[in-house]
Number of protein chains: 2
Amino acid sequence: MLEDLDREIVRLLCRDGRMSYTDLGRATGLSVSAVHQRVRRLEQRGVITAYAAIVDAAEIGLPLTAFVSIKPIDPSQPDDAPERLRDLTAIEACHSVAGEESYLLKVRVGTPGDLESLLQQIRAAANVSTRTMVVLSTPYEARPPAI
Amino acid sequence: MLEDLDREIVRLLCRDGRMSYTDLGRATGLSVSAVHQRVRRLEQRGVITAYAAIVDAAEIGLPLTAFVSIKPIDPSQPDDAPERLRDLTAIEACHSVAGEESYLLKVRVGTPGDLESLLQQIRAAANVSTRTMVVLSTPYEARPPAI
DNA sequence: AGTGAAAACTTTGGTAG
DNA sequence: CTACCAAAGTTTTCACT
């Protein structure tokens, strides 16, 4: 699926997305231009999809995280909940899941009041019922994959 | 909580973690050194905690994502599940949650067989029962916060 | 696929407004 | 806090293997 050198490059960039090609070259035993070419290929193939700063949500005014699972109220309607919810930027992720409920959303807001109004918006926009798991603390998150 | 300029810098770096200080300066109207200093301060204050490449999990051999909620079998025992589970690198995130269950884990594995053995390891390591929501597809994920 | 080298650009630290 | 400068380092492209 992925060659050893590429795996190692991806592994390093998951741990430090700003690592320089010089350092990647040193770490992999490749020249700067060889690493550069491999990284570009990984980006083009869609293995690496983006680079991002990881931020402490509480520090940017979003101290309240929750997981919201949703269930259609009328299961005969077409299921386009992800598109209907796309503009609610408090929703960080939307996963289609097997089981009782149809989607699991991860949301981040500032206050319980914000969560309440977000849930109302979700229910109205997607015609769904919601079940909410409020996050009390996050021992760890966004750990790099074991590759 | 966070000044307008800092908010804008954080916003830009969440969208492109490899953006140069030169470009951040252009985007914010600051000089390179002013941006540089602000970014360093944001890192030191713990607002920006890391930079990471975002990777397509399927492309690196982890096509199966699941959310596993866990409940202690013996609620009188001390609750140190996060530490007991820390070495299971297939666990990407661990959130303490309000409600029926005590933690919600996000896990990534290669195959259903890997998920089965991971669940056994989770139950054995933390003395918990598990409930698993298998992810069928992910319309979106890791969207940058709305700040 | 890989290397090495040159030009353009970025980072970083000092100094000063 | 911000700006400017200059040295050191990095990125990017290209010719060659």
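Just so we're on the same page: letters track the sequence lines, and every chain starts at 1. Remember, it's a predicted structure, so these values are computed and weren't measured experimentally.
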### Message
Measuring to OP1 and OP2 of D/dT2, would you say a side-chain N or O of B/Ser31 lies under 4.0 angstrom away?
### Response
no

Whole-Å distance, B/Glu43 CD to C/dT11 P, equals 12 Å

With heavy atoms under 4.0 Å as the rule, sort A/Ser33 into base, sugar-phosphate or nothing. base

Pair B/His95 + A/Tyr140: ring centers closer than 6.0 Å
no

**Item:** Contact under 4.0 Å: B/Thr22 side-chain N or O vs C/dT10 OP1/OP2
**Value:** yes

B/Ile48 and A/Ile54, any side-chain heavy atoms less than 4.5 Å apart:
no

Between CG of B/Asp4 and C1' of D/dC1 the distance, given in whole Å, is 16 Å

note: A/Leu5, atom CG; C/dA1, atom P; distance rounded to Å ~ 11 Å

Which of D/dA3, C/dG2, D/dT11 is nearest the side chain of B/Leu30? It is D/dA3

Exercise for the section: Decide yes or no on salt bridge (charged side-chain N to carboxylate O under 4.0 Å, His left out) for A/Glu100 and A/Arg131, but give the supporting numbers first. Expected result: CA-CA 11 Å; A/Glu100 269 289 282; A/Arg131 192 175 65 93; over 6 Å; no

Taken to the nearest whole Å, OH/A/Tyr51 to P/D/dT11 is 11 Å

A/Gln44 CD to C/dA1 P, in whole Å, measures 13 Å

Is B/Arg18 near enough to C/dT10 that one of its side-chain N or O atoms lies under 4.0 angstrom from OP1 or OP2?
-> no

Quick one: do B/Leu105 and B/Leu85 satisfy side-chain contact (heavy atoms from CB on, under 4.5 Å)? Show the steps, please. CA-CA 10 Å; B/Leu105 313 176; B/Leu85 298 173; 3.9 Å; yes

Below 4.0 angstrom from OP1 or OP2 of C/dT12, is there any side-chain N or O of B/His36?
yes

From CG of B/Leu24 across to P of C/dT12 the rounded distance in Å is 13 Å

**Q.** Donor-acceptor side-chain pairing of A/Glu43 and A/Tyr51 below 3.5 angstrom
**A.** yes

For D/dT13, does OP1 or OP2 lie under 4.0 Å from any side-chain N or O of A/Arg40? yes

Rounded to whole Å, OH of B/Tyr21 lies from P of D/dT10 at a distance of 13 Å

Review point. Can you find a side chain N or O atom of A/Arg38 that sits less than 4.0 Å from OP1 or OP2 on C/dG2?
Key: yes

Margin query: For a quick test of reading the model: is some side-chain N or O of B/Gln37 closer than 4.0 Å to OP1 or OP2 of D/dT2?
Written below: no

